[in-house]
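Basis for what follows: all heavy atoms, side chains included, without hydrogens, waters or symmetry-related copies.
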Amino acid sequence: ASDFVRDWSASPRLDWYLDQSTGSRRVEGCAFHAELDNRAARERLFGAIDGATRTIHVQLYIIRPCRFTDELVVRLIRRARAGVRVRVMVDALYSDDEVLGRVNTAIQSLRDEPGVDVLTLDPIANRAQMTVTRLKRRDHRKLVIVDGRLAFVSGRNASDEYYLGFDEVCVHDHTDHERFPWLDAHVEVTGPLVAEVRQTFLDTWRAAGGAEESADDDDAPVLEPTGGAAGPPLIRPRLSDTHRVAP
């Protein structure tokens, strides 16, 4: 009890509440950029991917065949052919891949590329596996880590509504609602916190049966401070029970 009171008294209130509610500790020396504009988010993400020299780690919840996804797949393949190690993880159910024999053609294009490793998380092989728990306990994370130095922690899935700007979609009175852009966000992270995001990806990769990286693939650089901001790693693996909405 005395330790609890001492920590509470010595910590700024917001830091203390975040530490208690998340079980994490904030990391100093970071810089963050939050991007709300869909077009800018697409350009920043593609710019980072195009500039990768060693590794690209991508984890997505939803990949839908569309203009954005086609561009993403082609850019990842180009970097793989340039010698960049590319790893991609997707949720099976919401990316419609390895669920009752279904195949997402965008993911298959990546899977067919020799320089790209693909893992489909929690596939559903038959009807017996389609339980409420299995359907709801999915991994919602959307992460991109480039060269171990830049991380995108995002709410955006791989689909046009997340990455096309409002000025890029022609709208008329009967435009299908699914074509309307979403207002979403990502946060770009540099500095020591990127190591936490990278480790989150690798932990999931290994748990799902992904191949271990070799010494040549290691992209864990020494991360010097890049700014004066601090933040805790708040990346949740999945829903802890079947009675909650998505995190």
With a 4.5 Å heavy-atom cut-off, do [X] and [Y] have their side chains touching?
X: Val171; Y: Arg179; result: no
X: Leu72; Y: Ile49; result: yes
X: Asp139; Y: Met89; result: no
X: Glu224; Y: Val222; result: yes
X: Leu150; Y: Glu188; result: yes
X: Arg42; Y: Arg156; result: no

Side-chain donor-acceptor contact under 3.5 Å, [X] with [Y]:
X: Thr204; Y: Arg141; value: yes
X: Asn38; Y: Glu168; value: no
X: Asp97; Y: Thr120; value: yes
X: Tyr162; Y: Asn157; value: yes

Looking only at heavy atoms, which two atoms of [X] and [Y] are closest? And how far apart?
X: Val90; Y: Ser95; answer: CB-OG, 3.8 Å
X: Ala80; Y: Gly115; answer: CB-O, 3.7 Å
X: Pro123; Y: Gln129; answer: O-OE1, 3.8 Å
X: Thr200; Y: Leu143; answer: CG2-CD1, 4.4 Å
X: Arg54; Y: Asp147; answer: N-OD1, 2.7 Å

Does a sphere of radius 6.0 Å around [atom1] in [X] hold more than 12 heavy atoms from other residues, nucleotides or ligands, not counting ones at 6.0 Å or beyond?
X: Asp176; atom1: CG; result: yes
X: His172; atom1: NE2; result: yes
X: Arg75; atom1: CZ; result: yes

| request: Please list, chain by chain and in numerical order, all residues satisfying ring-ring contact (aromatic ring centres under 6.0 Å, His included) with Phe46, sequence neighbours excluded. | output: Phe68
| remark: Across all chains, not counting sequence neighbours, the ring-ring contact (aromatic ring centres under 6.0 Å, His included) partners of Phe152 are His186
Is there a path of hydrophobic side-chain contacts, each under 4.5 Å between heavy atoms, that joins [X] and [Y]?
X: Phe180; Y: Leu164; result: yes
X: Tyr163; Y: Phe166; result: no
X: Val58; Y: Val74; result: no
X: Val103; Y: Val73; result: no

| For Arg87 and Phe201, what are the C-alpha separation, side-chain angles and deciding distance, and is it a side chain to side chain contact (heavy atoms under 4.5 Å, CB included)? | CA-CA 10 Å; Arg87 297 182 180 94; Phe201 178 95; 3.9 Å; yes
| said: What I want to find out is whether Arg67 reaches Asp70 closely enough, with some N-O distance under 4.0 Å, to be called a salt bridge. | reply: no
| task | Using the ring of Tyr61 (Phe, Tyr or Trp, six-membered ring only), decide whether Arg138 places NZ or CZ under 6.0 Å from its centre and within 45 degrees of its axis. | result | no
| Sequence-distant partners of Asp203, side-chain hydrogen bond (donor to acceptor under 3.5 Å, both in side chains), two or more places apart | Gln199
| said: Leu100 vs Met130, test: side chain to side chain contact (heavy atoms under 4.5 Å, CB included). Steps then yes/no. | reply: CA-CA 10 Å; Leu100 304 181; Met130 297 189 73; 3.7 Å; yes
In Å, rounded to the nearest 0.5 Å, how long is the span from [atom1] of [X] to [atom2] of [Y]?
X: Asp167; Y: Asp37; atom1: CG; atom2: CG; result: 7.5 Å
X: Ser109; Y: Leu76; atom1: OG; atom2: CG; result: 11.5 Å
X: Asp122; Y: Glu98; atom1: CG; atom2: CD; result: 10.5 Å
X: Thr190; Y: His33; atom1: OG1; atom2: NE2; result: 11.5 Å

| Test log, rule side chain to side chain contact (heavy atoms under 4.5 Å, CB included), inputs Ile77 and Leu110 | CA-CA 7 Å; Ile77 289 174; Leu110 292 170; 4.1 Å; yes
| request: Test Arg64 against Asp96 for salt bridge (Lys or Arg N to Asp or Glu O under 4.0 Å), laying out the working first. | output: CA-CA 8 Å; Arg64 291 195 182 103; Asp96 198 22; over 6 Å; no
| Is the backbone of Ile56 close enough, under 3.5 Å, to the side chain of Arg79 for a donor and an acceptor to pair up by distance? | no
| request: Return yes if some donor-acceptor pair links the side-chain N/O of Thr69 with the main-chain N/O of Pro65 below 3.5 Å, else return no. | output: no
| field | Check against side chain to side chain contact (heavy atoms under 4.5 Å, CB included), Glu35 and Leu45 | value | CA-CA 10 Å; Glu35 187 55 69; Leu45 176 63; over 6 Å; no
